[in-house]
Amino acid sequence: MQFCSTVGRPALSLARDHGSGSSAAGADASLLLGPKYYNSQKNTMPQSDPKQSIAELIETGKSLLDSEPQRALKLLRRAQALAGRRNDQGALMRALFAEAYYHQRYSDAERSLRLLRETLPMVEEWGTPEERCAVYHMLAKESRSAGKDRDAAAWYAKSLQCAESAGNTRYQTLAWQGLGLLAKAAGRSEEALMLLQRALGLAQSADNAVNQITCLQNIANVQQRAGRLAEAAASLNEAYRLALQTGELRFQASLLYTMGSLAMHQGQRSTAIGKLREALQLFRQLGDSQNQCASIYNIAILLFLDRQYRAALELLAKEIELCRSAGTRRHEAYARSLIAEIHMAEGRYQQAAASLEQCAALSEDVNDATLSAIRERLGLIAELRRTDLQLADARVQETIDRFEVSDQQLSVVLLLIDYADLLEQRDQHRHSIAVLTTALARAQKAPFIDKIIEIHGRLHKLHEAGGNQRLAVLHMEAALKHQQNIAAEERLTLLQHAVLQEEINLAGEVAGPQQPVSASEAEKRLHSILNAQQPQLTLMEMKVSLLVFRNYQSKEIAAALRISHRTVEWHRSNIRHKLAIGPGRSLRATLLQLSA
């Protein structure tokens, strides 16, 4: 049984579409929920009784949104009642907006929309231009969450117009991001990238690191969906560099998780597991149970792919315990589905069926297309194992058609691989080759690199067993080529991460509890000696020296530092001159001698 169930399933609370995500929402809320509520010439009612200050009620309610949401809601509604009795339209506007934000936080888009529409005439009469931008933007986000994309586009356009007239770069950026996300959802990748790049340019001109990060995350998401994986990785690396500079742990955790998910798609398993473990550590620091569950789940997938079934089951047991304490039924359902997959791989079909039943019971109230696809795929394969294969092709095609309606392309590839595995067990090798060839074409279109390598390997074995050496060799060469590319990309990814950490460490700008890249005692001694004895080395020369010491070649260093090969050679020449290294001696040998 082959598997990669929902590889890179996005972290539910952080890896959403960040152009209209929680960071922007928090900023919108802070705009209208400040301790001093608006008081214009049109709103000249007397100040509230200090003992029952509406502004204080709103501020207290806002502060309790995470820790005591029900109490927060009561305070906000009390503020609305007081504002209504005192005819304080400015305060009422802010209290209504605060409740709308509360419902947005807790995924009730319809109620949030209703409150925002109630707030709209007030903010258009009494609100400042920035407050109007905030409400238009929230209306756009909630319309998009409710599946009303046409309404969302209209509100984003209105927010953009308002922001441009007020010269508000921040809301211009958010509006372009929102329009880009709508284009992405409609499958218009090139248009989405153009709009998101425009948003990124505005964020860069305003030197807004947070908006730059969210733009880069969304750009990477579009690039990944378009199969431009190397470009997506570069966008995520740039976003992560900015997140480290800002010291924002939430962004760092989200980006590490997304980078790990992308590495899974690229087949870079060691990189993926490293990133996911870093993300898991940060999610624990943040107390984010949902994303801890998502990280553990993907680590368990990687263990499963390496056939470490016992280790995967132990990890999933811990995830289920965490899910129950946090009340996250969706994550527990995913964990149960993976447990069923492991049982099927080990031939324990009764246990697999029991796990699928538990998954179904947990996911009754969960509207998740990916989870439904996993259950349907596993259930179909389990059923076909118990019966003859006379009608299997038709059943498999019907299921694929349903998967494609919900855009579950990975589930299509996995189903075809599972079906081919079943055909091989029934000695229908020619039929299995045809199914795997179809799976390969679909995997290449996505692309799912890990699955491409797996399918090439299986086709190699089938053609070799069938005596077709020419095709067997072709598939083996294709698999080896992909594996070599993955090894090179993984080495470059790890090098880039090491360079990024080295840059921050050398500059003394470590932000937050970020763990530095591991270094040997020799490297630490070399770093100290170069700092003490050779202060004339520039920061770039110091980085090049340490990378040469780690035995990286000039081409690799150039790719990691994003400079040309010739520039690296120029830096090496300068280092040799400053360290007084003669023409017959190796730079690395000198550095090794210094660190000894």
Side-chain angles (χ1 to χ4, degrees), residues 10-29 31-32 96-97 99-120 123 131-163 168 170-200 202-203 210-211 213-222 224-226 254 258 330 366-370 405-407:
L12 295 183
S13 57
L14 287 180
R16 292 177 177 169
D17 294 326
H18 289 272
S20 54
S22 58
S23 300
D28 294 340
L31 174 66
L32 293 183
L96 287 169
F97 186 89
E99 186 179 344
Y101 176 62
Y102 164 88
H103 292 300
Q104 183 266 330
R105 286 283 293 273
Y106 293 98
S107 303
D108 190 344
E110 288 295 338
R111 187 170 295 184
S112 180
L113 271 173
R114 180 177 59 77
L115 288 166
L116 286 168
R117 289 193 182 103
E118 192 174 342
T119 308
L120 184 61
V123 79
E131 288 171 337
R132 286 196 290 274
C133 288
V135 172
Y136 296 151
H137 181 68
M138 280 281 286
L139 279 163
K141 286 195 302 182
E142 292 307 278
S143 297
R144 191 161 65 87
S145 298
K148 301 175 181 179
D149 288 357
R150 184 174 294 181
D151 289 349
W155 286 118
Y156 278 129
K158 196 163 185 177
S159 175
L160 179 61
Q161 183 182 12
C162 179
N168 189 313
R170 175 174 169 272
Y171 277 104
Q172 289 179 57
T173 303
L174 293 175
W176 285 119
Q177 278 197 81
L179 291 168
L181 293 173
L182 288 173
K184 183 197 79 171
R188 302 191 301 271
S189 297
E190 291 306 317
E191 181 185 344
L193 282 173
M194 181 189 70
L195 294 168
L196 290 168
Q197 289 287 357
R198 186 162 186 174
L200 177 61
L202 282 167
V210 170
N211 279 347
I213 293 168
T214 58
C215 287
L216 286 164
Q217 283 180 286
N218 286 318
I219 287 169
N221 186 271
V222 176
Q224 182 177 347
R225 289 190 65 174
S254 171
T258 309
R330 174 183 279 107
V366 176
N367 183 20
D368 190 313
T370 301
V405 169
S406 56
D407 195 26

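Since we're looking at a predicted model, the values are computed, not measured.
Nearest heavy atoms, Arg144 versus Ala152: N-CB, 3.8 Å. Nearest approach of Gln177 to Thr214, heavy atoms of both residues: NE2-OG1, 3.3 Å. Contact record, Thr173 with Ala203: OG1-N, 3.8 Å, taken as the closest heavy-atom pair. Heavy-atom minimum distance, Ser159 versus Ala175: OG-CB, 4.5 Å. In this structure, Gly180 and Ala192 approach most closely via the heavy-atom pair O-CB, 3.3 Å.
Between atom CD of residue Glu191 and atom CG of residue Leu182 there is a gap of 9.5 Å, rounded to the nearest 0.5 Å. For the atom pair CG (Leu200) and CG (Leu216), the distance works out to 5.0 Å, reported to the nearest 0.5 Å. We find the CZ-OG distance between Arg150 and Ser143 to be 13.0 Å, quoted to the nearest 0.5 Å. Note that CZ of Arg170 is 13.0 Å distant from CG of Leu202, once rounded to the nearest 0.5 Å. Taking OH from Tyr156 and CG from Asp151, the interatomic distance works out to 12.5 Å, rounded to the nearest 0.5 Å. Asn218 CG to Leu195 CG: the interatomic distance, rounded to the nearest 0.5 Å, is 11.5 Å.
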So Gln217 and Thr258, side-chain hydrogen bond (donor to acceptor under 3.5 Å, both in side chains) or not? Walk me through it.
-> CA-CA 9 Å; Gln217 283 180 286; Thr258 309; 4.8 Å; no

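In this structure, His137 and Trp155 have side chains that are not in contact, with every pair of non-hydrogen atoms separated by 4.5 Å or more. Counting heavy atoms from C-beta on, the side chains of Leu179 and Arg198 never come closer than 4.5 Å.
Contacts of Ala226 classified as side-chain contact (heavy atoms from CB on, under 4.5 Å), with partners at least two apart in sequence or in another chain: Ser189, Arg228.
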